[in-house]
Amino acid sequence: VGGVGKCFLSQLSKLASRQSQDPSHPTYLSLILVSRSNKLLFSESYRPLSLSTWEADLDASKTPVLDPLTIAEYLSTAPEKVVVVDNTSSQDVAENYPIFLKKGISIVTPNKKAFSGTYDLWQDIFAVANNGQGTGGYVFHESSVGAGLPVISTLRELVETGDE
């Protein structure tokens, strides 16, 4: 929950408030776990955490950060589909993407570490990712380089339209 994470949670809060104002455009996203490097806040019952008080609630939390396998177990037993939003630049978190994906948990991230590190990690991720023809969760990633241009999606769209 650094700068990028706070912006993401602010956007999630705005989506939720938009839904309450216009029920014809529902947003089915809720926060059940939020973490920073030294502590964690989660909902044991999978009920949504408050998007207006998450920061104070996390500050007050006494729960230490859990290991990725424990988090993956918790998330895999949620009653709804789960998406891990990794807003870190952590190699340790990225190296655990295959664990989440194998349990059917999708990943959305701007973290470049999983896709610019070892080829073995990249292969492990896309061997289990559903969008890599695996049976696990989906993985969606995008980073910006240079002048902040979205390179990955642009290249993918060019290839998908037949550009060689």
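- In this structure, Tyr119 and Trp122 have parallel ring planes: the angle between them is below the 30° cut-off, well short of the 60° mark.
- Residues Ser90 and Asn111 approach most closely at O-ND2, 3.0 Å, considering heavy atoms.
- Panel note: side chain Thr53, backbone Asp57; no donor-acceptor pair is recorded below 3.5 Å.
- From Asp86, atom CG reaches atom CZ of Phe8 across 11.5 Å, with rounding to the nearest 0.5 Å.
- Listed for the Asn131 side chain is a donor-acceptor partner under 3.5 Å among the backbone atoms of Val139.
- Taking CG of Leu29 as the reference point, atom CG of Leu12 lies at 6.0 Å (rounded to 0.5 Å).
- The two atoms that bring Leu101 and Tyr138 nearest to each other are CD2-O, 3.6 Å, heavy atoms only.
- Interatomic distance, CD of Gln91 versus OG1 of Thr118, reported as 7.5 Å (0.5 Å rounding).
- Rounding to the nearest 0.5 angstrom, the gap separating the CG atom in Leu66 from the CD1 atom in Ile71 is 5.0 Å.
- Sorted by first and then second residue, the ring pair (Phe, Tyr, Trp, His ring centres under 6.0 Å) pairs involving residues 96-117 (not counting sequence neighbours) are Phe115-His141.
- At a threshold of 4.0 Å, the pair Lys102-Asp124 does not count as salt-bridged, since none of the basic side-chain nitrogens sits closer than that to a carboxylate oxygen.
- The CH2 atom of Trp54 sits 5.0 Å away from atom CG of Leu9, with the distance rounded to the nearest 0.5 Å.
- Under the 3.5 Å distance criterion, the side-chain polar atoms of Thr161 are matched with a main-chain donor or acceptor of Glu157.
- Residues Leu51 and Val4 do not share a hydrophobic cluster, clusters being chains of Ile/Leu/Val/Met/Phe/Trp/Tyr side chains in contact below 4.5 Å.
- A heavy-atom distance below 4.5 Å is not found between the side chains of Leu31 and Pro48.
- The existence of a salt bridge linking Glu73 and Lys103 is confirmed by a sub-4.0 Å separation between a basic side-chain nitrogen and an acidic carboxylate oxygen.
- Not one N or O on the side chain of Ser35 forms a donor-acceptor pair closer than 3.5 Å with the backbone of Leu40.
- Side chain of Ser43 to main chain of Leu49: no donor-acceptor pair is present (N/O by atom type, distance under 3.5 Å, no hydrogens or angles).
- Panel note: side chain Asn96, backbone Ile99; no donor-acceptor pair is recorded below 3.5 Å.
- Closest of all the heavy-atom pairs between Val65 and Arg36 is CG2-O, 3.2 Å.
- Taking every heavy atom of both residues into account, Asn87 and Pro110 meet most closely at OD1-CD, 3.7 Å.
- Linking Ile, Leu, Val, Met, Phe, Trp and Tyr whenever their side-chain heavy atoms come within less than 4.5 Å puts Phe140 and Val85 in one cluster.
- Of all the heavy atoms in Ser89 and Lys113, the pair that sits closest is O-CE, 3.1 Å.
- Once rounded to the nearest 0.5 Å, the distance linking CD1 of Ile32 with OG of Ser45 reads 9.5 Å.
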